[in-house]
Amino acid sequence: MQDKVFKYIKENSMIDEGDKVLVALSGGPDSICLLHILNSLKTKLNIEILAAHVNHCLRGESANKDEEFARKFCEDLGIDFYVKRVNIDKVAKERKISTEMAGRDERYAFFNELKENLKVKKIAIAHNANDQAETLIMRIARGTGVDGLVGIKPIRDEIYIRPILSLTRSEIEKYCLDNELNPRIDESNLEEIYSRNKIRLKAIPFLEKNFNKDAINAINRLAYSAAKDVEFINNIVDEKYLGLVREEDGSVLIEKEAFSEKEALLTRLIRKALIHACGISNNFEMKHIYDIINLQKGNTGKKINLTNDVIVINEYGKIKIINKYSIDKTINEEVKFDLSQLDEGIKTIEGKFGKITFNLLENNGVINLKNNINERYFSIDGVNEITVRTRKNGDTMIPFGMTGRKKVKDILINNKIPKDKRDLIPLILFNDEIVWISGIRSSNLYKIKKENKKLLKVSYEGRESV
């Protein structure tokens, strides 16, 4: 099994020698198998391994036992372990999203925070061949195109790797049994309340029994074949895009000549233009693509409104895609004050970016510094002026745990902040130095020390749309 994983890692160039690899560890069979195999291969691969666990606080004592099991498993292997507890129900309600989406967002936010702080090169996720098959069946049932058949990729963004994507769930369970790993079992995976669980518990067993006992591997071969075809098509799209699509004045313009291309190429050119205009790749359906094609066939001056606050206009046969936020893209709100202006130690600033509250506190040494992503505490030693503003071109900061500077733009991109929302996030500056991208990342400067008598607590309440 280890040889199979090693070969898959090498075939997909997942890991370089000397990489520091963070394993997403739930405590279940998949992630325990992944961590154990990577740990067995660490000398051969010449890598360092860390592990991270997010307790979603959804299953009471059972979730706490998962956390403790993951911690003990890492201790026994001598692997550094990092954990974060998040009330996912609360997060989901605040953001008005599903618990599944909230959980995913919080996990990846934590992994990315550790990546920056610990100089991690790769984040290993325990998706397997069954996950791949389930994903494809779900997409086929919803009417996916060829691109959707690619499924789960071995590597995403050159950061997230899936070393056991080639292993089936039965292989993983056997590995855990043979090596007496005794992983935790999430009982919610056995409930038929989620679409994926229904496919896992009903559809795949039916296919294996009635059509092909090797259905999992057969579906994975389909994903592999589709990936090669899509890669070839996308290379052609990229070449055509350079000559047929251009950006101007914050919008994206598709030339008239593009609409003479074959439909398979045209639809991909339009999708790529939409992504460039909005900075996000989801929420656009084929219906939107064909709405644009039909618009181009109509009269000049006609326009349509799409999802994600996108306006599309026919300009003499050319198609202009405008993100509504790009019309007045930069809010350019800015407030400056000094500590003497805190009324009884408190000051609140409200604007289009939301609400920021500053609270001067005594340093009693018992503050939970990482309990809430929308609160941060800072030393005020040497602080003369505080500024609250939105971002500017060229903004940089020294992220927590680092010594070098990083562009604010890159931090927002790495945290999956949509392009149209980035100018709505307030930055907190001490003496013209960015110390906090509100709700996202704090600075390595103005850290609290034991000798600090006073601390400044900064709280952020963002707009609903951010």
Side-chain angles (χ1 to χ4, degrees), residues 1-10 12-56 63 65-86 103-132 152-167 169 171-173 175-176 179-186 401 414:
M1 196 79 71
Q2 293 173 5
D3 289 342
K4 185 175 181 179
V5 173
F6 179 80
K7 181 181 178 183
Y8 189 71
I9 289 171
K10 288 299 182 181
N12 289 280
S13 303
M14 288 187 182
I15 299 172
D16 297 321
E17 285 196 13
D19 275 354
K20 187 180 287 189
V21 180
L22 178 71
V23 177
L25 184 67
S26 68
D30 300 341
S31 63
I32 287 295
C33 172
L34 169 62
L35 182 62
H36 193 270
I37 288 178
L38 284 182
N39 189 61
S40 301
L41 294 173
K42 68 179 180 182
T43 301
K44 194 173 182 179
L45 291 168
N46 188 22
I47 58 173
E48 180 182 349
I49 299 173
L50 317 170
H53 176 87
V54 176
N55 185 338
H56 294 162
K65 287 181 180 178
D66 290 351
E67 177 187 323
E68 192 51 42
F69 172 81
R71 185 191 305 277
K72 179 68 165 55
F73 191 81
C74 289
E75 286 177 359
D76 291 344
L77 293 177
I79 293 171
D80 288 346
F81 177 75
Y82 300 85
V83 65
K84 180 178 183 179
R85 290 190 175 189
V86 185
R104 184 186 186 282
D105 289 349
E106 289 298 319
R107 288 195 300 274
Y108 278 88
F110 183 49
F111 300 154
N112 284 317
E113 179 184 345
L114 292 174
K115 173 183 174 294
E116 297 296 335
N117 292 346
L118 303 173
K119 295 180 172 57
V120 166
K121 291 294 184 184
K122 303 288 168 51
I123 299 172
I125 312 295
H127 287 127
N128 59 53
N130 286 59
D131 293 321
Q132 179 75 289
I152 303 169
K153 297 179 181 179
I155 306 174
R156 178 167 66 83
D157 300 334
E158 299 183 359
I159 298 171
Y160 306 99
I161 61 173
R162 297 173 172 100
I164 61 170
L165 193 58
S166 62
L167 301 185
R169 189 163 288 125
E171 287 178 308
I172 289 168
E173 290 171 353
Y175 181 89
C176 289
N179 289 276
E180 299 181 349
L181 302 182
N182 302 313
R184 297 281 296 171
I185 303 298
D186 183 348
N414 289 341

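All of these numbers come straight from a predicted model, not from anything done at the bench.
Of all heavy-atom pairs between A126 and I164, the closest is O-CD1, 3.9 Å. G27 and F69 make their closest contact through O-CE2, 3.6 Å (heavy atoms, listed as atom of the first residue, atom of the second, distance). Taking each heavy atom of A24 and I125 in turn, the nearest pair found is CB-CD1, 3.9 Å. Listed here is the closest heavy atom pair of P163 and M14: CA-SD, 3.7 Å. Minimum heavy-atom separation, I155 to S13: CD1-O, 3.8 Å. Among all heavy-atom pairs drawn from H127 and D131, the shortest one is CA-OD2, 3.4 Å.
L165 is not listed as a side-chain neighbour of N12, based on a closest heavy-atom distance of 4.5 Å or more. No side-chain heavy atom of F110 sits less than 4.5 Å from a side-chain heavy atom of L22. Q2 has its side chain out of reach of V5: every pair of non-hydrogen atoms, C-beta onward, lies at least 4.5 Å apart. For the pair E106 and H56, the minimum side-chain heavy-atom distance is 4.5 Å or more. Side-chain contact between I37 and L167: present, with at least one pair of heavy atoms (C-beta onward) separated by less than 4.5 Å. Residues D66 and S26 have side chains not in contact (no heavy-atom distance under 4.5 Å, counting atoms from C-beta outward). Using a 4.5 Å heavy-atom threshold, the side chains of L45 and K10 count as touching. Side-chain atoms of E171 and K4, non-hydrogen and from C-beta on, do get closer than 4.5 Å to each other.
Surrounding NZ of K65 are at most 12 heavy atoms belonging to other residues, nucleotides or ligands under 6.0 Å away. Remark: K20 NZ is packed, more than 12 non-hydrogen atoms of other residues, nucleotides or ligands lying under 6.0 Å away.
To the nearest 0.5 Å, atoms CD1 (I49) and CG (L25) are separated by 11.5 Å. Annotation: the span from L38 atom CG to E48 atom CD amounts to 13.0 Å, rounded to 0.5 Å. Between I123 atom CD1 and R156 atom CZ the span is 9.0 Å, to the nearest 0.5 Å. The OG atom of S166 lies 9.5 Å from the NZ atom of K7; values are rounded to the nearest 0.5 Å. Taken to the nearest 0.5 Å, the NZ atom of K121 stands 13.5 Å off from the CD1 atom of I161. The structure places CG of L35 at 9.0 Å from OG of S40, a figure rounded to the nearest 0.5 Å.
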Test salt bridge (charged side-chain N to carboxylate O under 4.0 Å, His left out) on E67 and R71; report intermediate values, then the result.
CA-CA 6 Å; E67 177 187 323; R71 185 191 305 277; 3.3 Å; yes
Checking side-chain contact (heavy atoms from CB on, under 4.5 Å) for the pair V120/L50: CA distance, chi angles, key distance, verdict?
CA-CA 9 Å; V120 166; L50 317 170; 3.8 Å; yes
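Using modelled atom types and a 3.5 Å distance limit, the side chains of N414 and N112 yield no donor-acceptor pair.
Classification of the F73-H36 ring pair by plane angle, with boundaries at 30° and 60°, yields tilted.
Remark: R107 fails to qualify as a cation-pi partner of F111 under the 6.0 Å distance and 45° angle criteria applied to the six-membered ring.
D19 places no side-chain N or O within 3.5 Å of a backbone atom of V21 that could act as its donor or acceptor partner. With R162 contributing its side chain and K153 its backbone, the two residues share a donor-acceptor pair below 3.5 Å. Listed for the N179 side chain is a donor-acceptor partner under 3.5 Å among the backbone atoms of Y175.
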